[in-house]
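Have a look at the structure below, then the notes.
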Amino acid sequence: MAKVVENVTHAAERQTFAVIVDQFLKHLDRSEDRRATYLKLVDAAAKFYGSGAKAETLDKVRAAIQNPDSRWMNFIDRVIMEANPKFLRTMLLNLGYESFFRGTKTIRKMREKYDCNIPWLILFDPTMACNMHCVGCWSGTYGHKANLSFEDMDKIVTEGKALGVHLYMMTGGEPMVRKKDILRLCEKHHDCMFAAYSNSTLIDEELCKKVVELGNLTFMLSIEGTPETNDARRGEGHYEAVMKAMDLLKKYGIVYGTSICYTSQNVEAVTSEEFLRFIADKGARFGFYFHYMPVGSNAVPSLMPTVEQRKMMIDRIRYVRSDKCDIGFYPMDFQNDGEFVGGCIAGGRNYFHINSNGDAEPCVFIHFSDTNIHDNSILEMLQSPLFRMYHEGQPFNRNHLRPCPMLENPQMLRKIIAETGAHQTNLESPESVEELCGKCDDYAAKWAPEAAKIWASEEHKVPPYENYTKEKRKHPELAGFEKPESEEQAG
């Protein structure tokens, strides 16, 4: 009976949200009507969250909405005006209501109920097959060794939704090698939002038409700077393929972003004003920057950015997000934005990864596992010894410019694997935790003192909500929010 009541309530809430969205879409050409609808959505969110809504935060959001000069409100207006209305409607319902509103509330309840990490999104690999062979990438050499069946992917999403998860990302390999099954998955789970990290080569007009019809699939396109810097790593002709895909996605009004791996060879090219303005003009509105990780036997450690390049990256990304910059693109740095998400988000804290063999890995870059989707449920995965140790250990460093238990704190990953007995899952060739972390030791040692200086020079506030263990939530100092006074304290 309780489940029936919950389903009725859910349907009613979604319908209420849908009515607001439909009213909004009728008046897209009138700025005052758009802003009025934004305010209604804030009011709906406040009512939905009840006592969990922070009045101060809501007031700041309302003030930004009513400010005609707000850079990011004008940015949101631009995204909305460019989007196909049909695509936009489903995206707002699935990403806005199901994931941000209802999903977040449900996930927080589940974290309390099960006292373990429950993620906001799940990343999985439909296949490890890829039609490219990028320098330093572990995926391209796997071939067709492993694939998740449609039933596997359906299980992931079905069980994830039961925990409140309505956002799913796909990587690989090239996920669109499994285009037919992915579209079928999107159609079945029409209340979820899906996003594929793609090399662009399989995006065509027919696919774009289907995506608009579904409304719940988007893309993060891999691109690395100029034609020269991009094709040097990804192969001749790839840049041209990305340009074609961007033009198609923009033509069909599909909101999309970029996925950029920054290395010692391309970091300047992928952060230049010319490059950022170019991809913004092409229609990319957001982007994830990923620090090169020396994962796999074919890794090239020399591609890891230098200390000076990483420091530049921090300054550059934060400048592009500031009011001093007018580029219509919102960048996020997976490695350097740790402060804004409370450090490492892996191990199910905000996300985790299921590879194409079904192994549950704490992170897409950490190829170790002690549980598999073929044998375990999503909840059982999150309760496994490996994921439990992540839950107990996060944050792995009080300095959130050093969030990763592998890259910046390799001694932590060694300890986690030793104590949980997790096995390596690298399908290309076996790689022990010592071999992996050995490639990070020198980097970690060089970055630590610089990260300490940067962290100590800034003010850091305790976030209003952090999904650490109950003990760390009761005692924020245990999670390292005090400002380090020295390099030793920062560790």
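If you check the side chains of Y38 and D77, you find a donor sitting under 3.5 Å from an acceptor. Checking D125 against H353 by side-chain atom types alone, a donor-acceptor pair falls below 3.5 Å. Between the side chains of H460 and E339, a donor-acceptor pair is found at a separation under 3.5 Å. One side chain, N117 or Q394, offers a donor N or O that lies under 3.5 Å from an acceptor on the other. At a cut-off of 3.5 Å, with distance as the only test, a side-chain donor of E361 or T425 sits close to an acceptor on the other residue. Side chain to side chain, E174 and S198 meet the donor-acceptor criterion of an N or O pair below 3.5 Å. A donor-acceptor contact under 3.5 angstrom links the side chains of S384 and D370, judged on distance only.
With respect to V307, the side chain to side chain contact (heavy atoms under 4.5 Å, CB included) criterion is satisfied by exactly one of K311, Q309, R310: K311. Of the candidates K251, K282, K250, R285, E82 forms a salt bridge (Lys or Arg N to Asp or Glu O under 4.0 Å) with just one, namely R285.
The pair K439-E431 counts as a salt bridge, with a side-chain nitrogen and a carboxylate oxygen less than 4.0 angstrom apart. Salt-bridge formation is detected for the pair E273/R277: a Lys NZ or Arg NE/NH1/NH2 atom is positioned less than 4.0 Å from an Asp or Glu carboxylate oxygen. Under 4.0 Å is where a charged nitrogen must lie from a carboxylate oxygen, and between E56 and K60 at least one such pair does.
With contacts defined as side-chain heavy-atom distances shorter than 4.5 Å, the pair Y468/R349 qualifies. The closest side-chain heavy-atom distance from I182 to M176 is below 4.5 Å. Side-chain atoms of C404 and C344, non-hydrogen and from C-beta on, never get closer than 4.5 Å to each other. In this structure the side chain of P294 never reaches within 4.5 angstrom of the side chain of V300, judged on heavy atoms. At a threshold of 4.5 Å between non-hydrogen side-chain atoms, the residues Y256 and M246 count as touching. With a 4.5 Å cut-off on side-chain heavy atoms, Y289 and V270 count as touching. Looking only at side-chain heavy atoms (C-beta outward), W120 and F100 come within less than 4.5 Å of each other. When side chains are defined from C-beta on, L202 does not count as touching L207, because their heavy atoms never get closer than 4.5 Å.
With N355 contributing its side chain and G358 its backbone, the two residues share a donor-acceptor pair below 3.5 Å. W455 places no side-chain N or O within 3.5 Å of a backbone atom of E450 that could act as its donor or acceptor partner. Looking at E98, its side chain never comes within 3.5 Å of a backbone N or O of L95 through a donor-acceptor pair. Between the side chain of Y168 and the main chain of V157, a donor-acceptor pair closer than 3.5 Å is present. N84 places no side-chain N or O within 3.5 Å of a backbone atom of V212 that could act as its donor or acceptor partner. The backbone N or O of S322 sits less than 3.5 Å from a side-chain atom of R71, completing a donor-acceptor pair. When atom types are taken as modelled, the side chain of T218 and the backbone of V255 share a donor-acceptor pair closer than 3.5 angstrom.
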Dump the intermediate steps for side chain to side chain contact (heavy atoms under 4.5 Å, CB included) on S259 and L221, then the final yes or no. CA-CA 5 Å; S259 170; L221 306 183; over 6 Å; no
Residues V211, L249; criterion side chain to side chain contact (heavy atoms under 4.5 Å, CB included); working and verdict: CA-CA 10 Å; V211 168; L249 294 173; over 6 Å; no
Please determine whether side-chain hydrogen bond (donor to acceptor under 3.5 Å, both in side chains) holds for the pair T127 and N147, giving the CA-CA distance in whole Å, both sets of side-chain angles, and the decisive distance to 0.1 Å. CA-CA 4 Å; T127 180; N147 297 277; 2.5 Å; yes
Verdict with reasoning, E408 to N397, per side chain to side chain contact (heavy atoms under 4.5 Å, CB included): CA-CA 9 Å; E408 294 104 354; N397 198 300; 6.0 Å; no
Please test N199 against S222 for side-chain hydrogen bond (donor to acceptor under 3.5 Å, both in side chains), starting from the C-alpha separation and ending with a verdict. CA-CA 5 Å; N199 63 31; S222 298; over 6 Å; no
Determine, stepwise, if the pair V320 / Y330 fulfils side chain to side chain contact (heavy atoms under 4.5 Å, CB included). CA-CA 8 Å; V320 175; Y330 190 87; over 6 Å; no
Residues H291, Y262; criterion ring-ring contact (aromatic ring centres under 6.0 Å, His included); working and verdict: CA-CA 5 Å; H291 186 292; Y262 60 95; 5.5 Å; yes
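With rounding to the nearest 0.5 angstrom, the CZ atom of F288 is 4.0 Å from the CE atom of M332. To the nearest 0.5 angstrom, L386 atom CG is 6.5 Å from Y390 atom OH. To the nearest 0.5 Å, the span separating CZ on R316 from CG on L276 amounts to 6.0 Å. In this structure, CG in L382 is found 5.5 Å from SG in C116, a value given to the nearest 0.5 Å. Atom CE of M293 and atom CG of L407 lie 4.5 Å apart (nearest 0.5 Å). The distance from the CZ atom of F194 to the CG atom of L217 is 8.5 Å, given to the nearest 0.5 Å.
Here the closest heavy-atom approach between residue G343 and residue P403 is recorded as C-CB, 3.9 Å. Heavy atoms only, all atoms of each residue included: M128 and S356 are closest at CB-OG, 3.4 Å. Among all heavy-atom pairs drawn from A280 and F329, the shortest one is CB-CB, 4.2 Å. The minimum heavy-atom distance linking N298 with V295 is given by the pair OD1-O, 4.4 Å. Of all heavy-atom pairs between R321 and D333, the closest is NH1-N, 4.4 Å. The two residues I314 and I454 come nearest to each other via the heavy atoms CD1-CD1, 4.1 Å.
Note: F387 and F352 meet the aromatic proximity criterion, with ring centroids under 6.0 Å apart. A ring-centre distance under 6.0 Å is found for F290 and F334.
For NZ of K415, the number of neighbouring non-hydrogen atoms (other residues, nucleotides, ligands) closer than 6.0 Å is 12 at most.
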